[in-house]
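Single-structure report; data block below.
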Amino acid sequence: QQQVKQSPQSLIVQKGGISIINCAYENTAFDYFPWYQQFPGKGPALLIAIRPDVSEKKEGRFTISFNKSAKQFSLHIMDSQPGDSATYFCAASPRGSEKLVFGKGTKLTVNP
Amino acid sequence: EPEVTQTPSHQVTQMGQEVILRCVPISNHLYFYWYRQILGQKVEFLVSFYNNEISEKSEIFDDQFSVERPDGSNFTLKIRSTKLEDSAMYFCASSEVYLAKNIQYFGAGTRLSVL
């Protein structure tokens, strides 16, 4: 089943807090898991990505945690800022393919 | 910073009409993609294009859809006879060729409204 399930649908966090967005998948053929950030009126932009041979990847305030056995991965935004307010999409790509299978998105609002 | 450019930003058409959505990928990129997002739903893959041919397509990409790279800079998506359910945001993306997974850069999208 080539689906990626994302939760929550929306998230409100106070400035300085931690934002956590979760995704789950069933297809073990996925071998690439990017997160995209989208601001209103713009296209999705790659934020951070991970492959299943590592359990965590950190870039600045953004961290992906990956649990291969549970088939879950999550995005953590530390010290969340109002400028982080956007829609976040998790995605996955099957082995041997370049297509991206997206989750439904999470609208994050960071209050000042 | 180089970016993927899509035109028009909003296209309104009557059911049954043909539409062409246009994209200018990043200049040194060789892989091109179309995705669509129906309002309130997830972004869905339509097609990928490399070396002047379709490399992969989804079940959504039926005979009503076609893609073309008519010159060295444009990449187009044609819908021959639009249906109401084709109303969506259409995203073009492009990527360089790596040995591993390519980073896909997305345009801002074209909103297609079929009346």
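All values derive from a computational prediction rather than experimental measurement. These numbers come from the heavy atoms of this one structure, side chains and all, not from hydrogens, waters or symmetry mates. Order of the sequence lines fixes the chain letters, A, B, ..., with proteins taken first and strands second; residue numbering starts at 1 for each chain.
Under the 4.5 Å side-chain contact rule for hydrophobic residues, B/W34 and B/I54 share a cluster. Cluster membership check: A/F66 shares its hydrophobic cluster with A/V54, using side-chain heavy-atom separations under 4.5 Å among Ile, Leu, Val, Met, Phe, Trp and Tyr. Criterion: ILVMFWY side-chain heavy atoms under 4.5 Å apart, direct or through other members. Under it, B/Y31 and A/F102 are part of a common hydrophobic cluster. Residues B/M89 and B/V67 fall into different hydrophobic clusters, defined by Ile, Leu, Val, Met, Phe, Trp and Tyr side chains chained together at heavy-atom separations under 4.5 Å. B/F75 and B/V4 fall into different hydrophobic clusters, where Ile, Leu, Val, Met, Phe, Trp and Tyr are joined by side-chain heavy atoms under 4.5 Å apart, directly or via other members.
When all heavy atoms of A/G41 and B/A108 are compared, the closest pair comes out as O-CB, 3.6 Å. Pairing each heavy atom of A/P44 with each of B/G107, the nearest pair is CD-O, 4.5 Å. Across A/Q38 and B/F91, no two heavy atoms sit closer than the pair NE2-CZ, 3.4 Å. Here the shortest heavy-atom pairing between A/L100 and B/F45 reads O-CB, 3.9 Å.
Once rounded to the nearest 0.5 Å, the distance linking NZ of A/K99 with NZ of B/K57 reads 13.0 Å. If you take CG on A/L46 and OH on B/Y105, they are separated by 7.5 Å, rounding to the nearest 0.5 Å.
Crowding of A/Q9 atom CD: a count of heavy atoms from other residues, nucleotides or ligands under 6.0 Å not exceeding 12. Around the CG atom of B/L39, the shell of radius 6.0 Å holds no more than 12 heavy atoms that belong to other residues, nucleotides or ligands. Within a 6.0 Å sphere centred on CG of A/D53, heavy atoms belonging to other residues, nucleotides or ligands number more than 12.
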Side chain to side chain contact (heavy atoms under 4.5 Å, CB included) between A/S97 and B/E56, worked out: CA-CA 8 Å; A/S97 168; B/E56 191 173 2; 2.7 Å; yes

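Contact annotation: the side chain of B/Y33 approaches that of A/E98 to within less than 4.5 Å [non-hydrogen atoms, C-beta and beyond]. The side-chain heavy atoms of A/F89 and B/K42, taken from C-beta on, include no pair separated by under 4.5 Å.
Contacts of A/V101 with chain B are absent, with no heavy-atom separation under 4.5 Å from either backbone or side chain. Neither the backbone nor the side chain of A/Q6 comes within contact range of chain B; no heavy atom of the residue lies under 4.5 Å from a heavy atom of that chain. Heavy atoms of B/E44 lying under 4.5 Å from chain A are absent altogether. In this structure, chain A has a heavy atom under 4.5 Å from the side chain of B/Y35, while its backbone stays farther away.
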